[in-house]
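One structure below.
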Amino acid sequence: MSESWKSWQEMAQKEAKKDDIEIYRLSPESIPIKRLYVKESLSKEAKDEYPGQAPYKRGPKATMYTGRPWTIRQYAGFSTAEESNKFYKDALSKGQKGLSVAFDLPTHRGYDSDHPRVKGDVGKAGVAIDSVEDMKILFSQIPLDQMSVSMTMNGAVLPILASYVVAAQEQGVSSQKLKGTIQNDILKEYMVRNTYIYPPAPSMRIVTDIMHYTTHNMPLFNSISVSGYHLQEAGADSALELAYTIANALEYVRAAIASGLKVDDFAPRMSFFFAIGMNFFMEIAKLRAARVLWYEMMKEFNPKNPKSSILRTHCQTSGYSLTEKSPYNNIVRTTIEAMAGALGGTQSLHTNAFDEAIALPSLESSRIARDTQLILQKETDINHTVDPLGGSYFVESLTSELIKKAKSIIKEIDDCGGMVNAINAGIPKLRIEESSARKQARIDGKEEIIVGVNDFVDAKNNQDFFDVRVIDNEKVYRLQKAKIEKLRKERDTKRVQSCLKKIKTSAADKSQNLFVTVLEAMKARATVGEVSETIASVFGRYHSPIQSISRVYMENMSEDQSFKKAVENLNSFIISTGRRPRILIAKIGQDGHDRGAKVIATGLADIGFDIDIGPLFQTPQEVAKQAVENDVHMVGISSLAAGHRTLIPELISALKQVKCEDIAVSIGGVIPQKDYKFLLDAGVATIFKPGTSIPECALQILDVLNQKS
């Protein structure tokens, strides 16, 4: 051993024992990250473990990818069933191994495409499905007895799953042969994504009714996929995502057992869904920790089948990490995240397209995303060794720390009496929004660097070099409306009405399985909207309470110069006008992703703006009415679902109709640059690109308001 190496080794060992040196920083989860990890860094409980053996930290199967690589399962769906079917068949011919269906927002929320509240959302952020006829077209010439199909659906889960079963039966495939997953994870919708329909308690009954039916009639099908993905996308750190996902899953297990199922009847067919972000080693540790936690938590239910305690998961690379600025950098980000998913031991994976911060993915960007996985599988040695990072001092330590952190969060939920009670108390939503505000402050304050966004910024507009997918919303709306009209003319109306009456009776009678009656209605060609509204007549529609947090953003930004300048300019506005600038932050249409709206509202309020937050799922006319009643200076719209070309002009028109065109309209979110001129010509005062810091946003708003005052 050389003298220089001995010297380095002695220094490293010495520094590893110094508390003031070993802590490099705190992670977003408040986990201390050390400069150096050695054997002594491992917990006392650490021991040699093997893949495929309890507690499954190193993977659910002994051979993992050396036997078979993870499944490439790209999430896709847009426009009409016809267009999505073409996309699916093309993807399957080029290496994709499973299908994952994205539905449009009206479908998620249980509205037919011809409903007046949803016109601007039809076919925009997923495929429009109104009946069995659409589902049959969606899977035309795709053999459902050979294809694993995952469907991200929670709100309208009953009619959508029923439509899929009927479409398969009419293709000649019995439900016994169907393979795949229905998400059926309604609890997380009340925390973040908001594509719920009914209140939590009756929605939990829907979850268990589906679990009962699939257990007895669809033995190869996963009855539920418990999702942490949307928690991270809404701003949850890895510990919150992990803890709340496991806590939700435990709530479903308890509900299923209380409904009469035995744990081994359904638990082997439960699956999970996690996000993979840019915190590379933390994401790897998260998947390892998830498997350990699930194994340990399931002991409460005394399962006899080992598969009941094995956590299997799908993963998707982060949508939040995608940037509108320097979008080609997103290809690198997605590759890094995909590697983390694979090294963490995911069973299937979706890789996001680089242009998804701008618009729906194009054919070319989707190909690059899919090929990213093929390159990892075919051109690297990731598949050659099971769990290659097993035994890493760093990864093992992170895994242990995450387990401890998650257990403390789960205890908070248990102390509330379970996740349903915690949701009713608003606890998970509050914790996630606090985490989201802290993250935004770290980005705005450059504590977290995003290349091309808050540092190393390229002034060129890289969007000029590629085409983005544009959905003709008006065309899709007309096509879907015509299909619904045709369906209603040709079906047996009396049979449909009889089925809907049975659904209403079943909804009121907990002893009946609601899915069975919905299945009969979909066979009779009832629509998704008709079934959903019938159930809502008994359960009611849920309306999320409006809450906001304060001072979290300011506590992390109070010394930042841009923050101070925004506060200074705001105080000048107050002096010159005699009042604080007042803004209504609103969401229009059926887009329930409210992270951006909540973060902006929190940040602007901490700067000193008077902020009103509108309820979700408003029409342009409802937003205009609230803006007038609240006497605001500006309406700020957060748009992530591509409905801006339809909904924003309607809002501006609604303000003019009530003679309040002096109220400025701004918009931020996922908006292609080629739409900027259209929006500005329509009367939008300012457009905030993804990556705009909150102080910068505040300064632009004040400039607009000063010009109007």
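Computed over heavy atoms, backbone and side chain alike; hydrogens, waters and symmetry mates excluded.
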Legend entry - Main-chain N/O of V552 paired to E434 side chain as donor or acceptor, under 3.5 Å: no
Inset, instruction - Would you check if there is a donor-acceptor pair between the side chains of D458 and S326 at a distance under 3.5 Å? - result: no
Inset, instruction - Check whether any side-chain heavy atom of D610 lies under 4.5 Å from a side-chain heavy atom of I583, and answer yes or no. - result: no
Legend entry - Lys NZ or Arg CZ of R109 over F617 ring: under 6.0 Å, within 45°: yes
Legend entry - Smallest separation among heavy atoms of T602 and A437, with atom names: CG2-CB, 4.3 Å
Inset, instruction - With the side chain counted from C-beta on, respond yes when I611 and I585 share a heavy-atom pair under 4.5 Å apart, and no when they do not. - result: yes
Inset, instruction - Please step through side-chain contact (heavy atoms from CB on, under 4.5 Å) for the pair R370 and T351, ending with a clear verdict. - result: CA-CA 7 Å; R370 182 178 62 250; T351 32; 5.6 Å; no
Legend entry - Residues K483 and D114 bridged, charged N to O under 4.0 Å: no
Inset, instruction - Report yes or no: do T107 and D104 form a side-chain donor-acceptor pair below 3.5 Å? - result: yes
Legend entry - Check against side chain to side chain donor-acceptor pair (under 3.5 Å), Q707 and D703: CA-CA 6 Å; Q707 291 172 20; D703 283 345; 6.0 Å; no
Legend entry - S576 side chain vs S572 backbone, donor-acceptor pair below 3.5 Å: yes
Legend entry - Sidechain-backbone polar pair: T334 side chain, I331 backbone, donor-acceptor under 3.5 Å: no
Inset, instruction - Would you kindly check if the NZ (Lys) or CZ (Arg) of R595 is within the cone defined by 45 degrees around the ring axis of Y320 and under 6.0 Å from the six-membered ring centre? - result: yes
Legend entry - Reported CE-to-CG distance for the pair M634 and L604, which is rounded to 0.5 angstrom: 10.0 Å
Legend entry - Ion pair R645/E650, N-O distance below 4.0 Å: no
Legend entry - Q232 and E283: side chain donor to acceptor below 3.5 Å: yes
Inset, instruction - For residues S131 and S163, report the shortest heavy-atom separation together with the two atoms involved. - result: C-OG, 4.2 Å
Inset, instruction - Could you tell me whether the side chain of Q373 and the main chain of L349 form a donor-acceptor pair under 3.5 Å? - result: yes
Legend entry - Any donor-acceptor N or O pair under 3.5 Å, side chains T323, R333: yes
Legend entry - Note: D560-K564 ion pair, threshold 4.0 Å (strictly below): no
Legend entry - F273 six-ring face occupied by R193 cation (under 6.0 Å, within 45°): no
Legend entry - E233 side-chain N/O to G319 backbone N/O, donor-acceptor pair under 3.5 Å: yes
Inset, instruction - Return the minimal non-hydrogen interatomic distance between V670 and A357, and the atom names on each side. - result: CG1-O, 3.4 Å
Legend entry - E433: side chain to side chain donor-acceptor pair (under 3.5 Å) partners, not counting sequence neighbours: K598
Inset, instruction - Please confirm whether the backbone N or O of P649 pairs with a side-chain atom of S653, one donor and one acceptor, at under 3.5 Å? - result: no
Legend entry - Whether S666 side chain and T686 backbone form a donor-acceptor pair below 3.5 Å: no
Legend entry - Backbone of T195 reached by a side-chain donor or acceptor of E189 within 3.5 Å: yes
Legend entry - Aromatic centroids of H633 and F573 separated by under 6.0 Å: yes
Inset, instruction - Using a strict 4.0 Å threshold on nitrogen-to-oxygen distance, state whether D90 and K94 make a salt bridge. - result: yes
Inset, instruction - Calculate, to the nearest 0.5 Å, the distance between atoms CG and CG belonging to L99 and L92 respectively. - result: 4.5 Å
Legend entry - R551 and D606 ion-paired at < 4.0 Å: no
Inset, instruction - Check the side chains of D130 and S113 for a donor-acceptor pair under 3.5 angstrom, ignoring hydrogens and angles. - result: yes
Inset, instruction - Using the ring of Y553 (Phe, Tyr or Trp, six-membered ring only), decide whether R438 places NZ or CZ under 6.0 Å from its centre and within 45 degrees of its axis. - result: no
Inset, instruction - Apply side-chain contact (heavy atoms from CB on, under 4.5 Å) to M339 and L376, showing your working. - result: CA-CA 7 Å; M339 288 176 63; L376 289 176; 3.6 Å; yes
Inset, instruction - Verify the neighbour count for atom NZ of K89: are there more than 12 heavy atoms of other residues, nucleotides or ligands below 6.0 Å? - result: yes
Inset, instruction - Report the C-alpha separation of E83 and K86 in whole Å, then their side-chain angles, then the decisive distance to 0.1 Å, and conclude whether the side-chain contact (heavy atoms from CB on, under 4.5 Å) test is met. - result: CA-CA 5 Å; E83 289 297 315; K86 291 177 186 176; 3.7 Å; yes
Inset, instruction - Look at the side chain of N706 and the backbone N and O of L702, then say whether any donor-acceptor pair between them is shorter than 3.5 Å. - result: yes
Inset, instruction - Heavy atoms only: give me the nearest N85-L138 pair and the separation to one decimal. - result: ND2-O, 2.9 Å
Legend entry - Those residues that, when tested against S321, pass side chain to side chain donor-acceptor pair (under 3.5 Å) (two or more places apart): E337
Legend entry - Side-chain (K439) to main-chain (G235) donor-acceptor, under 3.5 angstrom: no
Inset, instruction - Compare all side-chain heavy atoms of T152 with those of V101 and state whether any distance is below 4.5 angstrom. - result: no
Legend entry - Pairwise side-chain contact, H314 with H350, heavy-atom cut-off 4.5 Å (strictly under): yes
Legend entry - Heavy-atom pair with the smallest gap, counting every atom of E533 and G110: OE2-O, 4.4 Å
Legend entry - Distance-only donor-acceptor check, side chains N154 and Q183, under 3.5 Å: yes
Inset, instruction - Taking atom types as modelled, find out whether H644 and D675 have a side-chain donor-acceptor pair closer than 3.5 angstrom. - result: yes
Legend entry - Test item: side-chain donor near acceptor, Q480 and D134, under 3.5 Å: yes
Legend entry - Student check: side-chain heavy atoms of V118 and V122 closer than 4.5 Å: yes
Legend entry - Modelled atom types, side-chain donor and acceptor of Q621 and Q657, under 3.5 Å: no
Inset, instruction - Assess whether atom CZ of R582 is packed by more than 12 heavy atoms of other residues, nucleotides or ligands within 6.0 Å. - result: yes
Inset, instruction - Indicate yes or no: does E448 engage R442 in a salt bridge with an N to O separation below 4.0 Å. - result: yes
Inset, instruction - With rounding to the nearest 0.5 Å, note down the distance linking OG in S79 to NZ in K124. - result: 9.5 Å
Inset, instruction - Give a yes or no on whether a salt bridge exists between K625 and E622, defined as a side-chain N under 4.0 angstrom from a carboxylate O. - result: no
Inset, instruction - Might you point out which heavy atoms bring V528 and D112 nearest each other, and give the distance in Å? - result: N-OD1, 3.6 Å
Inset, instruction - Run the numbers on I160 and M135 for side-chain contact (heavy atoms from CB on, under 4.5 Å), then give the verdict. - result: CA-CA 8 Å; I160 287 299; M135 194 69 80; 4.0 Å; yes
Inset, instruction - Let me see the working for E568 and K565 under salt bridge (Lys or Arg N to Asp or Glu O under 4.0 Å), right down to the final yes or no. - result: CA-CA 5 Å; E568 182 182 315; K565 183 179 179 182; over 6 Å; no
Legend entry - Ring centers of Y190, Y196 separated by less than 6.0 Å: yes
